[in-house]
Amino acid sequence: MTDRPLRVLFVVQGEGRGHLTQALTLRRWLTEAGHEVAAVLVGRSQERRLPAFFLEKIQAPVHEFASPNFAFDRRFRGIRPGRTLVRNLLHLPEFQRSLHRLHEAVQDVAPDLVVNFYEVLIGLLYRRAKLQPPLVCIAHQYFFSCIRTIPFRRASRYSAGWSGCSRG
């Protein structure tokens, strides 16, 4: 098997800023290792727009899609569970269209790897459609239990990400 740069597709839950900044950091690490982030799909939040810093720094085509989100109180300090459930149920047809768009995007981009930054719809799509490129899910809570990480190596098919995380 030949070593070649990976073509990576990011799928990002766009409701907050944490997942967006994680995507920026991983894009930098991947490109420094010789890989390519071919496109970024971002689950759209009804309350917020994508920040300019993200659009400027991601350096890849960005496409938004409708995605389930939390409903917040008026001060954006707390989540309203009942309102969240109702609002998302009312948008189920739109989320179904998003699943179709995500499926098309994975096929069109033809990535070697899909990286999910906490976006629920791509997980559902993978469960339903059994897509070919591997799906790697990133969540910040895993960093708290990880003592040692192994950095990306240059353009190896088998070193697309951390190859290990151990507790010591």
Side-chain angles (χ1 to χ4, degrees), residues 1-71 84-85 87-143 152 155-163:
M1 185 155 289
T2 63
D3 285 355
R4 64 176 177 80
L6 291 174
R7 184 172 170 82
V8 182
L9 172 65
F10 283 2
V11 184
V12 185
Q13 194 276 340
E15 187 166 35
R17 300 301 179 249
H19 307 297
L20 298 171
T21 56
Q22 288 173 351
L24 289 173
T25 300
L26 185 56
R27 185 214 55 86
R28 183 174 45 86
W29 290 346
L30 286 170
T31 56
E32 286 173 357
H35 304 292
E36 171 197 11
V37 175
V40 180
L41 309 174
V42 181
R44 183 174 58 239
S45 171
Q46 295 170 342
E47 275 89 19
R48 299 181 181 143
R49 292 182 178 209
L50 282 176
F53 78 86
F54 179 77
L55 296 171
E56 292 167 9
K57 292 183 178 185
I58 196 65
Q59 299 176 359
V62 176
H63 307 281
E64 294 182 76
F65 61 93
S67 178
N69 283 277
F70 291 115
T84 296
L85 178 64
R87 184 172 72 184
N88 287 319
L89 286 174
L90 291 172
H91 287 92
L92 281 178
E94 191 174 5
F95 301 152
Q96 184 65 34
R97 288 188 294 275
S98 289
L99 286 168
H100 181 72
R101 288 183 62 207
L102 287 168
H103 191 268
E104 286 179 340
V106 171
Q107 291 177 327
D108 291 345
V109 172
D112 298 306
L113 180 70
V114 176
V115 179
N116 178 17
F117 295 87
Y118 216 70
E119 173 52 56
V120 68
L121 290 182
I122 194 72
L124 292 173
L125 176 63
Y126 261 77
R127 184 165 180 94
R128 185 172 85 177
K130 302 201 182 344
L131 296 171
Q132 184 59 39
L135 175 66
V136 175
C137 299
I138 304 292
H140 52 270
Q141 64 267 27
Y142 298 123
F143 288 109
F152 291 99
S156 170
R157 186 163 193 68
Y158 298 105
S159 64
W162 291 295
S163 55

Does the side chain of T21 reach to within under 4.5 Å of the side chain of F54, using non-hydrogen atoms? no
Taking the side chain as every heavy atom from C-beta outward, state whether P61 and V40 have any atom pair closer than 4.5 Å. no
*Check: H100/Q96 side-chain N/O donor and acceptor closer than 3.5 Å*: no
| query | Looking at side-chain heavy atoms only, is the closest gap between V12 and E119 below 4.5 Å? | reply | no
Minimal heavy-atom distance between L99 and L121, with the atoms involved, is CD2-O, 3.3 Å
task = Could you check V114 against V136 for side chain to side chain contact (heavy atoms under 4.5 Å, CB included), going step by step and ending with a plain yes or no?
result = CA-CA 6 Å; V114 176; V136 175; over 6 Å; no
Next on the checklist: Just so I know, are the side chains of V115 and V8 near enough to count as touching, which here means a heavy-atom distance under 4.5 Å?
Outcome noted: yes
ask   = Taking it one step at a time, do L55 and V62 satisfy side chain to side chain contact (heavy atoms under 4.5 Å, CB included)?
value = CA-CA 7 Å; L55 296 171; V62 176; 4.1 Å; yes
### Message
Using a 3.5 Å distance criterion without hydrogens, assess whether the side chain of R7 forms a donor-acceptor pair with backbone atoms of V109.
### Response
yes
Interatomic distance, CG@L30 vs NE2@H35, rounded to 0.5 Å, equals 6.0 Å
inquiry  = Angle between ring planes, F10 versus F117, binned at 30° and 60°: parallel, tilted or perpendicular?
reply    = perpendicular
Interatomic distance, CZ@R44 vs CZ@R49, rounded to 0.5 Å, equals 12.0 Å
Q) Is the count of non-hydrogen atoms from other residues, nucleotides or ligands lying under 6.0 Å from Q107 atom CD greater than 12? A) yes
| query | Donor-acceptor pair, H63 side chain versus L41 backbone, under 3.5 Å? | reply | no
V37 and A60 have their tightest heavy-atom pair at O-CB, 3.5 Å
dist L131:CG -> L125:CG (nearest 0.5 Å) comes out at 5.0 Å
Shortest non-hydrogen pair, I58 vs A23, comes out as CD1-O, 4.1 Å
*asked:* Measuring only between side-chain heavy atoms, which start at C-beta, is P134 closer than 4.5 Å to Y126?
replied: no
### Pairwise side-chain contact, P68 with V120, heavy-atom cut-off 4.5 Å (strictly under)
yes
Under 3.5 Å: donor-acceptor pair, side chain of N88, backbone of N69
yes
>> Assess whether a salt bridge exists between R101 and E94, defined as any Lys/Arg side-chain N lying under 4.0 Å from an Asp/Glu carboxylate O.
In response: no
| said: So does F70 get a backbone contact from the side chain of R87, meaning a donor-acceptor N/O pair under 3.5 Å? | reply: yes
Closest heavy-atom pair, G123 versus N116, reported as atoms and distance to 0.1 Å, is N-ND2, 4.4 Å
Under 3.5 Å donor-acceptor, S98 side chain and S67 backbone = no
Note: L102 and I122 closest approach over all heavy atoms is CD1-N, 4.1 Å
Heavy atoms of P51 and L20 approach each other most closely as CD-CD1, 3.7 Å
**Study point:** Test side chain to side chain contact (heavy atoms under 4.5 Å, CB included) applied to T31 and R27, step by step
**Key:** CA-CA 6 Å; T31 56; R27 185 214 55 86; 3.4 Å; yes
In this structure, CD of E64 is separated from CG of L50 (nearest 0.5 Å) by 4.0 Å
